[in-house]
Every structure is written in C-alpha cells, then in structure tokens.
Protein chains: 2
Amino acid sequence: MASSASELSPRAREIVETARGLLEAEGPEALSMRRIADALGIKAPSLYKHLPDKRALEAALIAHGFEEIATAFAGAGDLAAVAAAYRAYANDHPHLYRLMTEGPLERERLEPGVETRAAAAIVAAAGGDEHTARAAWAFAHGMTILELDGRFPRGADLDAAWAAGIAAFDPR
Amino acid sequence: MASSASELSPRAREIVETARGLLEAEGPEALSMRRIADALGIKAPSLYKHLPDKRALEAALIAHGFEEIATAFAGAGDLAAVAAAYRAYANDHPHLYRLMTEGPLERERLEPGVETRAAAAIVAAAGGDEHTARAAWAFAHGMTILELDGRFPRGADLDAAWAAGIAAFDPR
DNA sequence: GTCTATACCCGGATAGAC
DNA sequence: GTCTATCCGGGTATAGAC
C-alpha cells in the first residue's frame with residue numbers, strides 16, 4: 001500500500017498540494033506532471049522520486065476531496081441541508097469535483113473507508129434506506145454535473161429544480 | 001451552418017457512421033482522426049475534405065444520438081417507462097451516451113430542436129412541470145452515469161435504486 | 001478525393017549522472 | 001533529490017502534389 005494517501009512523505013504531500021492548486025485554478029489540462037513540476041520549480045522526472053505515477057497523485061487528490069466533503073456534511077441533518085452542502089462543495093471546487101466523480105474509481109488506491117465516510121450523511125438523510133440513498137445521490141450528482149457542464153437551458157431556475165428533487169425524496 | 005448534421009455530404013455521412021462504429025466498439029480513444037481514416041482505408045488528412053474538424057464529427061454523432069433517444073422514448077407514457085428507455089439506451093450505447101452527456105455541449109453545432117425533442121418525453125412524464133422534469137432528468141442521468149462508471153458499491157441493487165427514484169418522482 | 005510530408009502541439013515515464 | 005537526455009506514445013490540422 002505504498003501508494004495510499006496516509007503514507008505519503010512530506011515532500012509528496014507538498015506535490016499533491018501544488019497539484020491541487022493547479023487543478024483548481026486552471027483545470028484538468030494543468031494537471032500534468034510537467035506543469036506540476038514547473039510550479040514547484042523542479043523538473044518532471046524528479047516527481048517520480050516521491051510518487052510512483054500520476055494515478056497515485058490523482059488518488060491522493062480524490063481521497064482528500066472525499067474527506068473534505070464528509071466534513072462539509074457534518075451538522076447537515078436533513079436531505080435539504082446535505083444537498084445544499086453537496087452543491088456548494090461542487091461549485092466551490094468544480095474541477096476537483098469532476099476528478100472525484102467522473103470515470104471509474106481506482107478503489108485499490110484509496111484508504112478503505114474514505115468513500116463510506118463521504119456517503120454516510122446521504123444515507124442518514126435518506127432515513128437509512130440504501131436504495132433511496134443511492135437514488136438521492138444520483139439526483140444530487142446529476143444536478144451538480146449537469147449544472148457544472150452548462151447542460152440545463154440558459155436561464156433555467158436550478159434552485160427550483162433542486163427544490164423539486166429534494167421535495168420528491170424527502171416529502172414531509 | 002455548413003457544419004450542421006443535415007448538410008453533411010454522403011461521404012461525410014459514411015465517415016460519421018464509421019466513427020460511430022469505432023466509438024461503440026472500442027471507446028473514446030478509438031475516436032481519433034487517424035483511427036477513423038484507417039477504418040475507412042484512407043489517410044487522416046483526407047477526412048478534412050469532408051468535415052471541417054473533429055468537433056463537427058462529434059456534433060454529428062451527438063445529434064444523431066439525441067434523435068435516437070427521442071425515438072426510444074416514443075410510446076413511453078409514464079416516468080417508469082421513460083426511465084427504463086433512458087437506462088436501456090445508455091447501457092446499449094455507453095460510449096456514445098458519455099459523448100452525448102459529458103462536458104459542455106456546443107449547441108451552435110447542433111440543428112435547433114434536436115435537444116428539445118429528446119427532452120420532450122421527460123417533461124411530459126413529469127406532468128409538464130419543468131422543475132420536476134429537470135430534477136427527474138438529473139436523477140436518471142446520475143443513476144446512468146454512476147452505473148456506467150461502476151461508482152455504486154459492488155452488488156448494489158440498482159434496479160431497487162431506480163425504483164426508489166421513480167417512486168419518489170412519480171408516486172402512485 | 002486522395003496522397004505524402006510535415007508542422008505543431010501534448011502527454012507519461014525511465015536511465016543514469018551528479 | 002535533482003538533473004539532463006531521451007524514449008515512447010498520442011493527437012489535430014495544413015500545404016501542396018497528383
């Protein structure tokens with residue numbers, strides 16, 4: 001498990017932080033080994049003394065994001081509050097959110113439990129029913145990614161769409 | 001509007017069909033100008049005599065997919081039927097579905113109305129309420145893309161999750 | 001309408017010296 | 001822990017001959 005986030009050296013952590021800054025500021029094209037090295041004032045090959053490959057770096061970014069989103073959910077009781085926290089996190093960190101949620105996830109690269117901790121608040125808000133929780137997550141992710149990608153019609157009232165979905169899953 | 005799908009030359013249409021075959025059979029990495037040309041037995045630069053650039057080709061694939069999904073919705077009355085058709089289309093054409101729904105959409109490249117026609121069945125199934133329709137679409141897209149990407153836990157009962165979401169949006 | 005040749009980007013990663 | 005030099009791959013696109 002040398003690639004698991006908890007075992008990164010201090011220097012590797014610096015690299016990951018720099019990578020995160022680049023990703024958030026400039027998007028996924030900036031997340032190249034060359035650009036990261038440039039930002040650190042070193043050459044790309046030097047990065048490989050600290051991280052085995054690029055995927056390990058991405059895994060560290062993803063794991064950190066999961067921990068952050070779990071923290072963002074803390075204190076959110078009902079589904080509306082969890083959804084608001086979810087939406088806010090994604091809008092605050094759009095490029096990171098995409099990295100976290102798009103495409104297959106290499107779970108072997110993550111510390112166990114990281115994904116579950118992020119999901120826990122959603123399951124709780126769904127009243128503990130796993131099926132409803134998955135459906136609610138799908139709704140939240142769908143709204144989020146379609147919003148980030150500009151897929152809804154111009155001028156669409158997305159607050160109202162979020163509210164409609166939340167009301168559907170959490171009538172009361 | 002020379003790049004709009006309706007105005008493609010016969011040869012351009014062959015190219016688009018070949019591209020679609022490659023995309024569906026081998027995934028997005030196969031959707032390169034070199035690979036498409038290879039499959040046609042010509043060289044990549046020759047493609048540019050028929051299509052202005054790669055984005056035009058992608059736009060044609062996307063527009064065709066939208067028409068197909070609109071057709072797939074025909075006859076689906078309630079939300080459950082529309083959702084089933086949506087899920088089936090995406091699972092039958094996963095790479096195309098991703099191309100159609102991931103990232104920003106260059107609407108200038110599409111014939112007007114194509115997107116609206118695909119959406120019409122969802123709006124109708126949502127009882128005509130645009131906010132609920134957007135929320136329901138987000139749910140369906142979220143379920144679909146998370147399913148395609150293997151994001152749900154191994155062994156999760158996704159039929160049950162779909163059913164939970166459908167019940168939430170269309171109680172009765 | 002096709003070709004060859006080419007220009008111009010980009011990327012991840014390794015070997016071996018210091 | 002950093003470097004230089006390099007290898008490998010990929011891609012979109014254009015010019016100009018045939």
Side-chain angles (χ1 to χ4, degrees), chain A residues 2-3 5 7-62 95-96 98-99 102-106 108-109, chain B residues 2-3 5 7-62 95-96 98-99 102-106 108-109:
Chain A
S3 57
E7 302 164 33
L8 295 180
S9 69
R11 185 59 167 149
R13 289 184 178 280
E14 284 179 54
I15 293 168
V16 172
E17 278 164 35
T18 299
R20 165 133 178 192
L22 272 173
L23 173 64
E24 299 224 37
E26 302 184 39
E29 324 79 43
L31 203 64
S32 80
M33 299 306 264
R34 295 189 217 255
R35 297 276 279 101
I36 295 164
D38 277 356
L40 285 157
I42 62 177
K43 303 297 176 184
S46 304
L47 298 174
Y48 292 88
K49 297 289 183 183
H50 307 284
L51 292 161
D53 52 31
K54 193 189 175 183
R55 315 257 257 193
L57 199 162
E58 290 173 342
L61 290 170
I62 291 168
H95 298 300
L96 179 61
R98 268 189 257 257
L99 180 68
E102 267 179 8
L105 181 64
E106 297 186 282
E108 331 78 61
R109 303 246 192 192
Chain B
S3 57
E7 301 165 33
L8 294 180
S9 69
R11 185 58 167 150
R13 288 185 179 278
E14 285 178 54
I15 293 168
V16 171
E17 278 163 35
T18 300
R20 165 132 178 193
L22 272 172
L23 173 63
E24 300 224 37
E26 303 184 37
E29 326 78 43
L31 202 64
S32 82
M33 299 306 263
R34 295 191 219 253
R35 297 277 279 100
I36 295 164
D38 278 356
L40 284 158
I42 62 175
K43 302 297 176 186
S46 304
L47 298 173
Y48 293 87
K49 297 289 184 183
H50 307 284
L51 293 160
D53 52 32
K54 194 189 174 182
R55 315 259 255 192
L57 200 161
E58 290 173 341
L61 291 170
I62 291 167
H95 299 300
L96 179 60
R98 269 188 256 257
L99 181 67
E102 269 179 6
L105 181 64
E106 296 187 282
E108 333 76 62
R109 304 245 192 191

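Because only heavy atoms are used, hydrogens play no part in the values below, and waters and symmetry mates are left out as well, while side chains stay in. Each chain gets a letter, A, B and so on, in the order its sequence line appears, and its residues count up from 1.
Residues meeting the side-chain hydrogen bond (donor to acceptor under 3.5 Å, both in side chains) test with Glu14(A), sequence neighbours left out: Arg11(A). Ala12(A) meets the side chain to side chain contact (heavy atoms under 4.5 Å, CB included) test with Leu8(A), Ser9(A), His50(A), Leu51(A); sequence neighbours excluded. Residues passing the side chain to side chain contact (heavy atoms under 4.5 Å, CB included) test with Glu102(A) are Arg98(A), Ile145(A), sequence neighbours excluded. Scanning for side-chain hydrogen bond (donor to acceptor under 3.5 Å, both in side chains) contacts around Glu24(A) gives Arg20(A), His93(A), with sequence neighbours left out.
For residues 25-47 of chain A, every residue pair satisfying the side-chain hydrogen bond (donor to acceptor under 3.5 Å, both in side chains) rule, not counting sequence neighbours, is listed here: Glu26(A)-Arg35(A).
Across the protein-nucleic acid pair, Leu47(B) atom CG and dT14(D) atom C1' stand 14 Å apart, rounded to whole Å. The interatomic distance linking Glu58(B) (CD) with dT12(D) (C1') rounds to 11 Å, in whole Å. Rounding to whole angstrom units, CD of residue Glu14(A) and C1' of dG1(D) are separated by 12 Å.
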_Reading 5' to 3' through nucleotides 5-18 of chain C, protein heavy-atom contacts under 4.0 Å coded B for base, S for sugar-phosphate only, - for none_ = B-----BBBBB---
